[in-house]
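Here is the structure we will look at, set down as structure tokens.
Since the model is a prediction, treat every value here as computed from it, not as a measurement.
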Amino acid sequence: MNPGAVSLPTRWVLVSALSAALFGLLALLVTARHGTPWALDRSLYLWSVRHRPPVLLAVARAITATGTGPVPYLCAVTAGLVVGVGVGRGAWGRLSPVAGALGFLLLVQGMRYAVLFAVSRPRPPAGGWAAHAHGFAFPSGHTSTSATAAGLLAWALWRTATPAAARAGWCVLACWAVAVGLTRGYLGVHWLSDVLGGWLYALTWLAAATAWAARTYRTDRPAPPGPRSSTVP
């Protein structure tokens with residue numbers, strides 16, 4: 001390894017720091033404007049209101065429903081179980097990843113609510129809503145929650161799957177997280193900047209957690225045989 005090369009954990013720390021800086025800047029700008037949307041926010045909101053054929057509307061509602069309720073928590077439990085079974089080191093070794101994944105998701109959710117009330121951004125006009133919504137708008141909860149859940153499942157794939165299978169799974173998970181975020185704007189319950197804030201918020205936490213995981217499970221340690229011995233891409 002090149003001594004001057006940046007280590008994998010350090011790269012993820014930098015990604016987390018950059019995401020946090022961008023998220024903080026966006027939150028400050030939204031607060032300074034007292035929640036007033038930008039021109040692009042308004043334009044995309046008006047476009048979505050005018051372009052909602054029944055089929056697309058049904059698909060959007062189905063996708064957006066997966067970003068809240070029990071689905072993200074089931075994803076966290078599944079990720080923990082997959083990793084726990086793969087580790088296979090007694091009952092605690094199998095259950096501790098479940099507790100860790102759930103705890104991480106709950107922490108991310110709790111901190112999001114703190115930001116939500118601190119910024120207190122109003123949602124778009126209710127007349128354009130095509131889905132149920134309540135509370136403040138920034139950052140988008142469905143967006144950040146689905147992205148965090150997708151990240152937990154990606155972590156499970158990294159720990160247990162072959163590199164090829166992990167990459168394929170990551171693509172599917174990324175598409176899901178992006179789709180949930182886009183439906184929030186399409187259904188008129190969030191401004192585009194709320195969705196962007198949700199992605200940046202989730203990326204901040206996921207990159208920090210990935211840095212910790214990459215350091216904890218660094219590839220220069222002896223690895224057990226099987227998929228877990230693969231390196232992080």
Side-chain angles (χ1 to χ4, degrees), residues 8 12 15-16 19 59-113 139-184 195 198-219 223-233:
L8 184 63
W12 282 109
V15 171
S16 180
S19 301
V59 170
R61 284 171 172 164
I63 293 173
T64 211
T66 64
T68 190
V71 175
Y73 295 93
L74 288 173
C75 290
V77 171
T78 300
L81 286 174
V82 169
V83 172
V85 171
V87 171
R89 296 174 182 171
W92 175 245
R94 290 190 291 270
L95 292 178
S96 59
V98 178
L102 273 176
F104 177 74
L105 181 57
L106 289 171
L107 174 63
V108 173
Q109 291 286 69
M111 295 302 294
R112 179 180 64 81
Y113 277 107
S140 167
H142 284 63
T143 301
S144 60
T145 304
S146 60
T148 304
L152 289 170
L153 289 172
W155 162 66
L157 289 172
W158 167 55
R159 292 289 291 138
T160 60
T162 63
R167 291 188 185 97
W170 294 341
C171 289
V172 173
L173 292 169
C175 289
W176 170 54
V178 169
V180 171
L182 293 178
T183 62
R184 302 311 287 165
V195 175
W199 284 331
L200 287 172
Y201 176 79
L203 181 58
T204 298
W205 283 95
L206 290 171
T210 302
W212 174 84
R215 186 175 297 279
T216 303
Y217 305 110
R218 62 185 184 272
T219 55
R228 290 192 303 279
S229 62
S230 60
T231 59
V232 182

Heavy-atom closest pair, residues [X] and [Y]:
X	Y	result
L152	A76	CD1-CB, 3.7 Å
T160	V83	CG2-CA, 4.1 Å
A202	S144	CB-O, 3.7 Å
A177	A150	CB-CB, 4.2 Å
G67	S146	CA-CB, 4.1 Å
A166	A161	N-CB, 4.1 Å

- Item | Partner residues of L153 under the side chain to side chain contact (heavy atoms under 4.5 Å, CB included) criterion, sequence neighbours left out |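 Partners of L153 by the side chain to side chain contact (heavy atoms under 4.5 Å, CB included) criterion, ordered by chain and then number, come out as C75, T78, A79, L173.
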- Task: Tell me, please, which residues at least two apart from T68 pass side chain to side chain contact (heavy atoms under 4.5 Å, CB included).
- Result: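 For T68 the side chain to side chain contact (heavy atoms under 4.5 Å, CB included) partners, ignoring immediate neighbours, are H142.
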- Message: Quick one, W155 with L206, criterion side chain to side chain contact (heavy atoms under 4.5 Å, CB included). Give me CA distance, side-chain angles, the key distance, then yes/no.
- Response: CA-CA 10 Å; W155 162 66; L206 290 171; over 6 Å; no
- Check for a donor-acceptor pair, side chain of T64 on one end and backbone N or O of A60 on the other, with a separation under 3.5 Å.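 No; judged by distance alone, with no hydrogens or angles, the pair does not exist.
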Nearest 0.5 Å, please: how far is [atom2] in [Y] from [atom1] in [X]?
X	Y	atom1	atom2	answer
T148	L106	OG1	CG	11.0 Å
L157	T162	CG	OG1	9.5 Å
Q109	F104	CD	CZ	10.5 Å

- Item | Test side chain to side chain contact (heavy atoms under 4.5 Å, CB included) applied to T183 and V59, I63, V195, V178, the passing residue |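 It is I63; the other options fail the test.
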Tell me, do [X] and [Y] make a side-chain contact under 4.5 Å, heavy atoms counted?
X	Y	result
R112	W205	no
V108	Y201	yes
W212	W12	no

